[in-house]
Amino acid sequence: MSDETKAPTSDTSRHFIRQLIADDVAAGKNGGEVVTRFPPEPNGYLHIGHAKAICINFGMAKEFGGRCHLRMDDTNPAKESDEYVENIRTDIAWLGFDWGKNFFYSANYFDRMYALAEALIERGHAYVCELTQEQWKEYRGVPISPGRPSPFRDRMPAENLALFCRMKAGEFADGTLCLRAKIDMASPNIHFRDPVIYRILRVPHYHTGDMWCIYPMYDFAHPIEDAIEGITHSLCSLEFEVHRPLYDWVIDRMDELGLLVVRNGHKIRPIQREFSRLNLPYTIMSKRSLIQLVQDRVVDGWDDPRMPTLCGFRRRGYTPAAIRAFLEAAGVTKFKCITDIALLEHCIREDLNKTAARRMAVLDPVKVVVDNYPEEQEEFFDAQNNPEEPSAGTHSVPFSREIYIEREDFMETPAKKFFRMAPGQEVRLRYAYLFTCTRVEKDAAGKIVAIHGNYDPASRGGTAPDGRKVKGTIHWVSVKHAKPVEVRLYDRLFTVPDPMGDETKTCTDFLNPESLRTITGYVEPALLEARGGERFQFERVGYFCADTRASKPGVPVFNRTVTLRDSWAKIAPK
RNA sequence: UGCCCGAUAGUGUAAUGGUAGCACAACAGACUCUGAAUCUGUUUGUCUAGGUUCAAAUCCUAGUCGGGCAACCA
């Protein structure tokens with residue numbers, strides 16, 4: 001095992017998980033093998049927070065030449081369904097990760113979990129408890145003082161076995177009996193105070209149907225699943241840290257029973273390690289609240305481009321590479337943090353700058369009449385598809401006497417340092433001609449309805465033969481060739497950084513009314529061929545993606561992924 | 001109040017007893033047929049107090065602040 005070749009490169013952070021695994025591999029632990037897992041519960045869609053766990057688990061496995069299992073953690077049938085399973089698979093594959101043949105369900109292991117529970121009972125490590133939940137609450141006690149043992153704690157194994165069997169057979173009502181691990185009622189760690197490991201739940205499971213009416217709890221099921229699959233590193237988020245001793249307890253019991261996997265002569269003893277979740281300002285990551293937004297139709301489904309879900313980011317136009325780069329840049333620690341949205345936006349711009357085709361589109365048009373350009377004439381210019389990537393070639397853009405430009409690219413009385421279009425101020429119409437405004441036409445209200453001016457015929461292509469410098473270059477579309485299309489401008493969904501932070505309110509109290517603005521934009525003809533999912537840079541405006549749902553052949557609808565950086569906006573006078 | 005975890009520029013993250021770096025953001029400049037991109041530069045940081053040590057962001061002690069834990073959820 002050469003760790004030289006697997007050492008992280010200088011541009012990836014040597015975060016503590018990466019170091020831990022590198023050390024284990026170097027020490028030859030588990031035969032140097034790395035097997036991780038991503039265990040979503042199929043009760044909702046994956047969001048960018050999950051993407052962090054996905055990138056860590058799949059990423060570490062990939063980096064160290066191992067594998068990562070995808071496992072549906074479906075031990076609570078009340079909330080789970082196949083709809084979610086399929087979407088989870090789609091999103092992870094889209095993110096760029098491959099679980100190969102290692103796709104599992106917790107439900108696959110129900111038999112073995114039951115058998116292990118029986119073995120625990122036989123060895124006096126578990127008992128059937130008849131206390132009600134309310135009673136138990138009192139017995140368990142509070143963290144600052146020890147709990148009291150359940151009156152059923154010392155029941156004989158044979159009796160426990162019989163009761164457990166009858167629980168399985170469906171002889172008892174939901175919530176009446178449960179199986180508890182017998183650990184330590186005095187432990188300062190609440191999770192050690194005889195935790196429930198099986199409960200009675202008469203809910204059909206989306207895969208096992210009504211085969212079971214008892215289901216294992218997460219704390220019992222998870223280590224078993226990891227152990228059975230020979231997981232070496234079980235990497236999860238911080239809230240499971242206090243569960244770790246219990247995780248280890250179950251693994252110890254399995255070890256005693258000789259149930260740990262032996263691979264290439266190495267007994268695989270899974271270890272759990274925890275990292276902090278991803279937090280982003282102005283959004284929410286709570287599955288429950290996300291479901292609420294969908295159900296209340298606050299957003300247009302799970303994949304609404306304002307949602308922090310992976311399908312939402314996808315529809316918005318984000319690339320998997322950008323999301324992976326963002327998560328790598330954000331790092332992995334145990335510190336509860338809030339990562340700046342600017343970093344995410346930086347990552348998507350960086351990716352799209354290299355890959356997105358350039359097109360011209362005017363989103364807030366004002367008409368410009370080129371007075372000295374022949375009425376019926378039209379001509380075509382070659383525009384680069386991507387100046388960052390010359391091999392992307394060119395496309396043809398039509399020009400005529402009347403064009404649209406952005407309203408904000410004109411000032412009748414130009415501000416200081418405004419070097420776009422203004423009376424008497426020469427500008428370049430990108431790829432076309434140099435142009436100088438001579439006068440404006442206004443309506444009764446004083447609003448500019450048209451701008452007039454003349455072009456320099458000798459500047460065809462955008463350069464003057466005399467080499468004179470023109471500071472401003474603006475985009476445009478030919479009125480007669482322009483096509484109106486629907487454009488959706490997205491902004492943050494909430495108006496405050498932490499919409500869940502106020503306990504007296506719900507996140508919907510902070511919805512941003514401006515989070516979606518639908519407008520009509522005028523685009524160059526080449527854009528009409530855009531197919532759903534195709535990404536573009538509208539020059540000088542931003543990155544846009546043809547919506548996968550609303551676009552029809554020849555009639556695209558564009559979603560704004562992110563604006564371009566705009567240093568003029570910062571200095572422009574108000 | 002008991003236990004667990006954490007604290008490094010505005011934000012996020014490195015430095016593993018030996019020169020506090022990087023990215024994003026901000027600011028300034030260069031360049032530019034995108035006020036984009038690119039390039040150059042600048043500002044800003046080890047929670048506090050003790051201790052160990054030739055040397056502490058790092059080790060120890062105490063404190064402060066923040067987060068988590070008391071579902072038959074995951």
With sugar-phosphate meaning primed atoms plus P, OP1 and OP2, does [X] contact a base, only sugar-phosphate, or nothing at under 4.0 Å between heavy atoms?
| X | answer |
| --- | --- |
| A:Pro40 | nothing |
| A:Arg565 | sugar-phosphate |
| A:Asp174 | nothing |
| A:Ile338 | sugar-phosphate |
| A:Leu131 | base |
| A:Tyr431 | base |

Measure the distance from [atom1] on [X] to [atom2] on [N] and round it to the nearest whole Å.
| X | N | atom1 | atom2 | answer |
| --- | --- | --- | --- | --- |
| A:Asn43 | B:A74 | CG | P | 10 Å |
| A:Arg540 | B:G35 | CZ | C1' | 8 Å |
| A:Arg273 | B:C4 | CZ | C1' | 14 Å |
| A:Leu343 | B:C22 | CG | P | 17 Å |
| A:Glu408 | B:A36 | CD | P | 14 Å |
| A:His346 | B:C22 | NE2 | C1' | 12 Å |
| A:Arg244 | B:C69 | CZ | P | 17 Å |
| A:Lys334 | B:U8 | NZ | P | 16 Å |

For A:Arg540, side chain to side chain contact (heavy atoms under 4.5 Å, CB included) partners two or more places apart: A:Asp409, A:Arg420, A:Ile474, A:His475
Do we see A:Trp568 stacking on the base of B:G35, given a limit of 5.5 Å between centres and 30° between planes? yes
For A:Glu229, is there an ion pair with A:Arg37 - N to carboxylate O distance below 4.0 angstrom? no
Electrostatic pair A:Arg244:A:Glu274 at N-O distance under 4.0 angstrom: yes
Syn or anti conformation of B:A71, syn meaning chi within 90° of 0: syn
Restricting to side-chain hydrogen bond (donor to acceptor under 3.5 Å, both in side chains), what partner residues turn up for A:Thr473, sequence neighbours left out? A:Arg428
B:G2, OP1 or OP2 - any side-chain N/O from A:Ser145 closer than 4.0 Å? no
Hey, does the side-chain of [X] have a donor or acceptor N/O within less than 3.5 Å of a partner on the base of [N]?
| X | N | value |
| --- | --- | --- |
| A:Lys469 | B:U32 | no |
| A:Glu388 | B:U38 | no |
| A:His475 | B:A36 | no |

Say you draw a straight line from CD1 of A:Ile323 to NZ of A:Lys52; how long is it, rounded to the nearest 0.5 Å? 14.5 Å
Tell me whether the centres of the aromatic rings in [X] and [Y] are closer together than 6.0 Å.
| X | Y | answer |
| --- | --- | --- |
| A:Phe164 | A:Tyr114 | yes |
| A:Phe399 | A:Tyr431 | no |
| A:Phe381 | A:Tyr433 | yes |

Among B:C4, B:U13, B:A36, which nucleotide sits nearest the side chain of A:Glu241? B:C4
Each stem that RNA chain B is part of, given as range with range (3 or more consecutive Watson-Crick or G-U pairs, under 3.5 Å): B:2-7 with B:64-69, B:10-13 with B:21-24, B:26-30 with B:38-42, B:47-51 with B:59-63
Starting at the 5' end of RNA chain B, which residue's closest nucleotide do you reach first, A:Arg430 or A:Ala330? A:Ala330
